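What follows is one structure encoded as structure tokens, with my remarks underneath.
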Number of protein chains: 2
Amino acid sequence: MPAQSTRELIVEKADALFYESGFEATSFADIAAAVGISRGNFYHHFKTKDDILDAVIARRMERTRAMLGGWQAEGEGPRERILSFIHMLIANQSQIMDFGCPVGTLCSELAKLGHAAQGRATEIFGLFRDWLADQIRELGAVDRAETLAMHLLAWSQGVAVMATAFKDEAFIRNEVAGIGQWLASLPDLSQPT
Amino acid sequence: MPAQSTRELIVEKADALFYESGFEATSFADIAAAVGISRGNFYHHFKTKDDILDAVIARRMERTRAMLGGWQAEGEGPRERILSFIHMLIANQSQIMDFGCPVGTLCSELAKLGHAAQGRATEIFGLFRDWLADQIRELGAVDRAETLAMHLLAWSQGVAVMATAFKDEAFIRNEVAGIGQWLASLPDLSQPT
DNA sequence: GTCTATATCCTGATAGAC
DNA sequence: GTCTATCAGGATATAGAC
């Protein structure tokens, strides 16, 4: 396995800092310090801050694709695979209470900044939406699949926002249980009894 | 009616700018330009940026209280009053698609900044939560009132985040209709048939 | 209360030595 | 590829005249 390149390290640290502090509030100096290189060296790898943002979004797209692919391979059925998605809210709850959802908060910040990369950030949501719609389609709800996928995404985003604001684990557990019940209430038309 | 003081004007313009551009991305110069005063004069009214944020949060608290009070006075019953809350998503949809929910995005940004005012910003959510819980209690769901209020708040926040990301009016309409159905499905225990 | 002028620091970004 | 030195501009914040 090759050693991690400086460029890869920069993108990894920038990804974490953009998540934890926000894009605007993260300076080149912050990233350089996290990587352990000088500010000058920085510009050998990225010309502008927007270039780093592009690389961070590309990285998140890649990793999201990999995660969804993993759930696709491991989950025994669409219902179980959707549960993998929902389980993220529990697995990452301490980070979510501190910094929110990485995708939702980035999209919101870029919207306020009027940043050109907002559309690319939304594409990460698009990956989740399409994957969830695929699962729902497999359950047999072909015509409403995308609508239900957007509803599920919105629900999880709402939980993330409220979890960040109130830092209430019981609330998260309760909502996750609610999503689970909602999922169970979806009729499985692919396996008629 | 007295003319609006410079201080009030500063808070009003800062409120709008914090919403539309974010707290971190808004500079003193931006606010001063919006108000039409010099940067120097600015410090006569507020010593630090955090002082302005406190004033903005206080203003939002006041206005939220006034809005909830208005709904309380005008709505004929708890179900109608909750519909006033839900209707915000439609009435403000273009602003929400551009900048998200003012409360949710502020809480998320302050969380990332590790800002001391985060708790005060969350109190705005607390006003909505308590008011919604009151309405739900009036419907007779006394024991689950706060849980259902948090669920409703989370739902609306999720819709706001996804609306900002995807800018899809049909999605908003669909989710608002879903919330309306959910509300209608709540049994009214206060008026047994 | 409002202004101009200024101080100090930090930002993104560049030039050029090694 | 990494560094130091430096730039121009903008940030918050202050001092002091009017």
Side-chain angles (χ1 to χ4, degrees), chain A residues 1-59 106 109-110 112-118 120-121, chain B residues 1-57 59 106 109-110 112-118 121:
Chain A
M1 196 162 69
Q4 193 175 29
S5 70
T6 300
R7 191 196 147 92
E8 283 167 346
L9 239 180
I10 290 173
V11 177
E12 178 190 321
K13 296 295 187 185
D15 191 345
L17 284 166
F18 288 174
Y19 174 42
E20 294 170 10
S21 304
F23 171 69
E24 182 81 3
T26 300
S27 69
F28 274 41
D30 294 332
I31 305 171
V35 176
I37 60 171
S38 68
R39 265 154 294 163
N41 186 7
F42 206 98
Y43 289 86
H44 177 73
H45 301 279
F46 294 95
K47 307 234 166 183
T48 72
K49 200 180 176 186
D50 289 351
D51 288 343
I52 305 174
L53 178 60
D54 284 341
V56 166
I57 292 175
R59 175 190 152 96
L106 181 63
E109 183 179 3
L110 295 182
K112 279 182 200 287
L113 296 176
H115 198 289
Q118 203 218 327
R120 255 160 292 157
Chain B
M1 194 164 69
Q4 193 175 31
S5 71
T6 300
R7 191 197 147 92
E8 284 167 345
L9 239 179
I10 289 173
V11 178
E12 177 189 322
K13 297 296 187 184
D15 190 345
L17 284 167
F18 288 175
Y19 174 41
E20 295 171 11
S21 304
F23 171 70
E24 182 82 2
T26 300
S27 69
F28 275 40
D30 294 332
I31 305 173
V35 176
I37 59 170
S38 69
R39 265 153 294 163
N41 187 7
F42 206 98
Y43 289 86
H44 177 72
H45 301 279
F46 294 96
K47 308 235 167 185
T48 71
K49 201 179 175 184
D50 289 351
D51 288 342
I52 305 175
L53 178 60
D54 285 340
V56 165
I57 292 174
R59 174 188 153 95
L106 181 63
E109 183 179 1
L110 295 182
K112 280 183 199 287
L113 296 176
H115 198 288
Q118 204 217 326

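Note that the structure is predicted; figures quoted are calculated from it, not measured. Each chain gets a letter, A, B and so on, in the order the sequences are listed, and its residues count up from 1.
For B/Asp51 and D/dT12, the CG to P distance is 13 Å, given to the nearest whole Å. The CZ atom of B/Phe46 sits 18 Å away from the C1' atom of D/dT14 (whole-angstrom rounding). The CG-C1' distance, from B/Leu113 to D/dA11, rounds to 15 Å in whole Å. For the pair A/Glu24 CD and D/dA11 C1', the computed distance is 12 Å after rounding to whole Å. Rounded to whole Å, atom C1' of D/dA13 lies 5 Å from atom OH of B/Tyr43. The interatomic distance linking B/His44 (NE2) with D/dA15 (C1') rounds to 15 Å, in whole Å. If you take NZ of B/Lys49 and P of D/dT12, they are 5 Å apart, rounded to a whole angstrom.
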Could you list the donor-acceptor pairs under 3.5 angstrom formed between side-chain atoms of residues 10-20 of chain A and any protein atom two or more places apart in sequence or on another chain?
| unit_1 | atom_1 | unit_2 | atom_2 | d |
| --- | --- | --- | --- | --- |
| A/Glu12 | OE1 | A/Gln4 | NE2 | 2.7 |
| A/Asp15 | OD1 | A/Arg60 | NE | 2.8 |
| A/Asp15 | OD1 | A/Arg60 | NH2 | 2.9 |
| A/Asp15 | OD2 | A/Arg59 | NE | 3.0 |
| A/Tyr19 | OH | A/Gln95 | O | 3.2 |
| A/Tyr19 | OH | A/Gly100 | O | 2.6 |

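Under the rule for a side chain to side chain donor-acceptor pair (under 3.5 Å), the partners of B/Asp30 that lie at least two apart in sequence or sit in another chain are B/Ser27.
Think of the region where chain B sits on DNA chain C: with heavy atoms and a 4.0 Å cut, that region ends 5' and 3' at C/dG1 to C/dT4.
Inter-residue side-chain proximity for A/Leu110 and A/Leu53 is flagged as met; some heavy-atom pair is nearer than 4.5 Å.
When heavy atoms are screened at a 4.0 angstrom cut-off, A/Ser5 is found touching no nucleic acid atom at all. Residue A/Ser27 is in sugar-phosphate contact alone, with no base atom involved, counting any heavy-atom pair closer than 4.0 Å across all strands shown. Looking at heavy-atom distances under 4.0 Å, A/Phe28 makes contact with sugar-phosphate atoms alone, never a base.
Atom-to-atom distance recorded for B/Asp50:CG and B/His115:NE2 is 3.5 Å, nearest 0.5 angstrom.
The backbone N or O of A/Phe23 sits less than 3.5 Å from a side-chain atom of A/Glu109, completing a donor-acceptor pair.
Taking the six-membered ring for Trp and the full ring otherwise, A/Phe28 and A/Tyr43 have centroids separated by under 6.0 Å.
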